[in-house]
Participant: 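First the structure, which I've put down as C-alpha cells, then a few questions once you've had a look.
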Number of protein chains: 2
Amino acid sequence: MNQILPKNDRRVGCRECPLNLNPCFRSFTAEELAFMEDFKTGEILVGAGSTILSEGHLSPNLYTVLSGWAFRYKTLEDGRRQVLNYLLPGDLIGLQGTVMGEMEHSVEALTSITLCVFPRDRLMELYAKHPTLGFDVTWLSSREERMLDEHLLSLGRRSALERAAYLLAFLHARAGTTIYPSNSTNYIPITQTHVADTLGLSIVHTNKTIKRLMERGAIRWLGGACEVLDAEKLSKIAGWHGLDERVRPLL
Amino acid sequence: MNQILPKNDRRVGCRECPLNLNPCFRSFTAEELAFMEDFKTGEILVGAGSTILSEGHLSPNLYTVLSGWAFRYKTLEDGRRQVLNYLLPGDLIGLQGTVMGEMEHSVEALTSITLCVFPRDRLMELYAKHPTLGFDVTWLSSREERMLDEHLLSLGRRSALERAAYLLAFLHARAGTTIYPSNSTNYIPITQTHVADTLGLSIVHTNKTIKRLMERGAIRWLGGACEVLDAEKLSKIAGWHGLDERVRPLL
DNA sequence: CGTCCAGTTGACTATAGTCAAACACCGTGG
DNA sequence: CCACGGTGTTTGACTATAGTCAACTGGACG
C-alpha cells in the first residue's frame with residue numbers, strides 16, 4: 001500500500017495559491033487572507049492510490065485539495081463498495097468528521113494529489129472571526145449535497161447508459177474549471193472498476209456500457225483513463241443540463 | 001392540488017417550542033434564543049400532499065420542520081422521480097436555495113406539517129451575530145450529506161430486499177427521536193409508490209419486496225402507512241448499524 | 001353505484017450479474 | 001533476454017434480478 005508522504009514544509013502562501021488566482025473562486029479580502037495563512041498548517045503530498053482518510057477513524061485535520069483527483073467511498077461489510085463522489089481542486093475533505101467524530105466514509109487519491117492542511121479544532125475560530133468564511137463552509141457543504149442529489153437521481157432512475165454518460169459528463173465538467181486549465185492532458189483518471197463502483201453496476205456490465213459510449217463516438221478509453229470527445233453528446237444521452245458552476249468560495 | 005395554508009400568526013415562541021424542549025436537540029443560550037425569536041417570522045401549516053418548494057423556483061424563505069413528515073425529490077424530464085430524503089421535525093428546508101438561487105429539488109408534505117419560517121436574506125446576519133448558530137447550519141448540512149451518502153450506498157450496492165429494509169429501519173429510527181415520542185401512533189406515513197421512488201425500483205417489484213419483509217414478520221403494511229414490528233430484524237437484513245443520533249443543533 | 005387510489009398478482013421481457021476465459025500491458029526478477 | 005504475476009480490459013454463455021403489461025382486489029368517498 002502506498003502511504004501518505006508528509007511534507008509540512010509549507011510550500012505556497014495562500015496569496016500565491018494557484019487556486020486563489022483561478023477566477024472560478026471568489027477572492028479573499030485582506031483580512032480573510034491573513035487568517036487563512038495562519039489557519040493553514042501545511043501541505044501534504046499523497047501518492048496515487050493512497051488512503052487519505054478512512055471510515056471509522058478520526059482525523060485531526062481538514063483538507064482542501066490543491067491539485068489532483070480523489071474520491072470518497074463507503075463499503076458494506078462483505079466488501080461491496082460504493083463511490084460517493086469525486087474530489088477535485090478546491091474541494092474540502094473531512095468536514096463530516098467535525099460533526100460525527102469518526103469518519104463515515106473513506107477518501108482515496110486517484111492521482112498523486114496535494115492537500116492544504118487545516119487543524120479541525122480551530123474551525124470554530126474561523127466562524128467566530130470571519131462569518132463570511134463560516135458561511136463559505138456551509139456553501140461548500142451545500143454544494144456537495146446538490147451533487148449527491150444528482151447522483152442519487154442517477155442511481156435510482158437513470159439506465160446504465162444514461163448513468164455512465166452522466167458520470168463522465170459530470171467529471172469532465174468539474175475538471176473543466178480547475179484541472180484542465182492548468183494541465184496539458186484532459187483525461188479523467190479512472191479505471192472501469194471506479195466507474196462500476198460509482199454507477200452501482202458490475203465491472204462486466206460497465207465495460208459493455210462504456211463500449212456503447214465509445215461506439216457512439218462520445219468518449220475514448222485509454223487504460224486507466226477516459227478522454228471525453230463529445231461532452232454535449234454525453235449530456236444529451238444522460239438528460240443532464242450541466243453544472244451551474246458560478247464563482248464559488250475556497251478555503 | 002392542495003395549497004399552502006398561510007398561518008403567519010406566530011403561534012409558538014421559540015422558548016415554548018416543543019422541539020427546543022426535546023432533549024435530542026441542544027438548547028439555545030439566552031442570546032441565541034432571543035435572536036431566533038426575532039429571526040423567526042412566523043409559522044405555516046401545509047396540508048398532506050402539498051408542494052412546499054419546487055424545482056426551478058426561488059423561495060425567499062428557509063423553513064424548519066416543527067411537526068409532520070415531508071420528502072425531497074428530483075425528476076427527470078420524462079417524469080421519472082427519485083426521492084432523495086425525508087424531512088422530519090428539526091430538519092432545515094431550502095438551504096440549497098441560498099447557494100444556488102433556484103431550488104434544484106422539490107419538497108412535498110407527506111402528512112400535514114407545520115413549518116417555522118425564516119427570511120433567507122437575514123441568514124448572513126445569523127452567521128455574523130451568532131457564529132455558533134452559523135456552525136449549526138453547517139452541522140445540519142453535513143448531517144444531511146451523511147444521510148445521502150448512506151442512501152447512495154443503498155441504491156448502488158444493496159439488493160432490493162436490503163434496500164427496503166434499510167429505508168424502513170432508517171425512517172423508523174429517525175422518527176423515534178422526534179415524531180413518536182409526542183405521538184400515539186408510530187407508523188411511517190408512506191405509500192409503496194414513495195418506497196419505489198426512494199429505492200429506485202418499480203412499484204410492482206417494490207410490492208413483492210415489501211411482501212417478503214412482511215412474511216419475515218419485520219413489518220406490517222396498512223394502506224398508506226407502514227408499521228415497523230422488528231427494527232432489529234430490518235437493520236440486520238440491511239446490514240445497517242443505525243443512526244448515530246447524538247444531541248444535535250436546531251434552528 | 002361508479003370512480004379513484006393503493007395495493008396485489010401472474011406472465012412475460014429486458015436489464016444486469018456471474019462465471020469463465022482470454023488479451024494487452026507493464027513491471028519484476030532470474 | 002524472457003518467464004512471471006498483476007492489473008485493467010474484453011468477450012461470450014448463462015443465470016438472476018427487476019421492469020412491463022395487464023388484470024383484479026378492496027376501501028374510501030361522493
Side-chain angles (χ1 to χ4, degrees), chain A residues 1-2 47-50 71 76 78-83 108-111 154-165 167-168 187-215 219-227 237, chain B residues 1-2 47-49 71 76 78-83 108 110-111 154-165 167-168 187-215 219-227 237:
Chain A
M1 263 298 145
N2 283 317
S50 306
F71 65 100
L76 291 171
D78 61 6
R80 282 175 285 177
R81 180 176 79 163
Q82 178 62 41
V83 173
E108 187 178 315
L110 218 37
T111 62
S154 218
L155 281 189
R157 291 304 184 203
R158 278 193 251 252
S159 68
L161 189 70
E162 291 168 339
R163 260 183 265 183
L167 175 63
L168 297 173
Y187 302 143
I188 299 170
I190 47 176
T191 66
Q192 297 190 1
T193 303
H194 292 118
V195 176
D197 286 346
T198 310
L199 304 184
L201 299 171
S202 69
I203 311 172
V204 172
H205 197 249
T206 297
N207 178 269
K208 288 167 184 169
T209 305
I210 284 173
K211 193 180 163 192
R212 286 206 281 157
L213 288 178
M214 288 195 281
E215 284 162 1
I219 59 167
R220 219 152 55 100
W221 205 267
L222 325 126
C226 169
E227 181 185 6
I237 291 171
Chain B
M1 260 305 142
N2 284 317
F71 65 100
L76 290 171
D78 61 6
R80 282 175 284 177
R81 181 176 77 162
Q82 178 64 39
V83 173
E108 187 179 316
L110 218 39
T111 63
S154 218
L155 281 188
R157 292 303 184 203
R158 278 193 252 250
S159 69
L161 189 71
E162 290 168 339
R163 262 184 263 184
L167 174 64
L168 298 172
Y187 302 144
I188 299 169
I190 46 175
T191 66
Q192 296 189 1
T193 302
H194 292 118
V195 176
D197 285 346
T198 310
L199 304 184
L201 300 171
S202 70
I203 311 171
V204 173
H205 198 248
T206 298
N207 178 271
K208 288 168 184 169
T209 305
I210 284 173
K211 192 180 163 192
R212 287 206 280 158
L213 288 177
M214 288 195 282
E215 284 162 1
I219 59 168
R220 220 151 53 102
W221 205 268
L222 326 125
C226 170
E227 182 185 5
I237 292 171

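Just so we're on the same page: letters track the sequence lines, and every chain starts at 1.
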Participant: With sugar-phosphate meaning primed atoms plus P, OP1 and OP2, does A:K211 contact a base, only sugar-phosphate, or nothing at under 4.0 Å between heavy atoms?
Facilitator: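 The answer is sugar-phosphate, as A:K211 gets under 4.0 Å only of primed atoms, P, OP1 or OP2.
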Participant: Grab the CD1-C1' distance between B:I203 and C:dG7 for me, whole Å please.
Facilitator: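 B:I203 atom CD1 is separated from C:dG7 atom C1' by 10 Å.
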Participant: Would you mind listing every salt bridge (Lys or Arg N to Asp or Glu O under 4.0 Å) that reaches into residues 193-212 of chain B, with sequence neighbours excluded?
Facilitator: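 Residue pairs passing salt bridge (Lys or Arg N to Asp or Glu O under 4.0 Å), neighbours aside: A:R157-B:D197, B:R81-B:D197.
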Participant: If the condition is salt bridge (Lys or Arg N to Asp or Glu O under 4.0 Å), which residues does A:E108 pass it with, not counting sequence neighbours?
Facilitator: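 Partners of A:E108 under the salt bridge (Lys or Arg N to Asp or Glu O under 4.0 Å) test: none.
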Participant: I'd like to check the salt bridge (Lys or Arg N to Asp or Glu O under 4.0 Å) partners of A:R158; sequence neighbours left out, ordered by chain and number.
Facilitator: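 Testing A:R158 for salt bridge (Lys or Arg N to Asp or Glu O under 4.0 Å), a comparison that skips the adjacent residues, returns A:E150.
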Participant: With sequence neighbours excluded, what pairs up with A:A109 under the side-chain contact (heavy atoms from CB on, under 4.5 Å) test?
Facilitator: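 With sequence neighbours excluded, A:A109 shows a side-chain contact (heavy atoms from CB on, under 4.5 Å) to A:V46, A:I52, A:I113, given in chain and number order.
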Participant: For B:S202 and for A:A225, locate the closest nucleotide of DNA chain D by heavy-atom distance; then report the residue assigned to the nucleotide nearer the 5' terminus.
Facilitator: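 Counting from the 5' end, the first nearest nucleotide belongs to A:A225.
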Participant: Using chain B heavy atoms and a threshold of under 4.0 Å, write down where along DNA chain D the contacts begin and end, 5' to 3'.
Facilitator: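 Contact boundaries, 5' end first: D:dA18 to D:dC21.
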Participant: At less than 4.0 Å, is any side-chain N or O atom of B:N207 found next to OP1 or OP2 of C:dG7? Yes or no.
Facilitator: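 Checking B:N207 against C:dG7: no side-chain N or O falls below 4.0 Å of OP1 or OP2.
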Participant: Applying side-chain hydrogen bond (donor to acceptor under 3.5 Å, both in side chains), name anything that partners A:T206, two or more places apart in sequence or on another chain.
Facilitator: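 A:T206 satisfies side-chain hydrogen bond (donor to acceptor under 3.5 Å, both in side chains) with no residue once adjacent residues are dropped.
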Participant: Applying side-chain hydrogen bond (donor to acceptor under 3.5 Å, both in side chains), name anything that partners B:S159, two or more places apart in sequence or on another chain.
Facilitator: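 B:E162.
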Participant: Side chains of residues 187-194 of chain B: which donor-acceptor pairs under 3.5 Å do they make with residues two or more places apart or in other chains?
Facilitator:
residue : atom : partner : partner atom : Å
B:T191  : OG1  : B:T193  : N            : 3.3
B:T191  : OG1  : B:H194  : N            : 3.3
B:T191  : OG1  : B:H194  : ND1          : 3.0
B:Q192  : OE1  : B:N207  : ND2          : 2.8
B:H194  : ND1  : B:T191  : N            : 3.1

Participant: Under 4.0 Å from any atom of DNA chain D, heavy atoms only: list the residues of residues 191-199 of chain A that qualify, in numerical order.
Facilitator: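 A:T191, A:Q192 - these, ordered by number, are the residues of the stretch whose heavy atoms sit under 4.0 Å from the strand.
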Participant: More than 12 heavy atoms of other residues, nucleotides or ligands under 6.0 Å from CG of A:L76: is that the case?
Facilitator: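 Result for CG/A:L76: enclosed.
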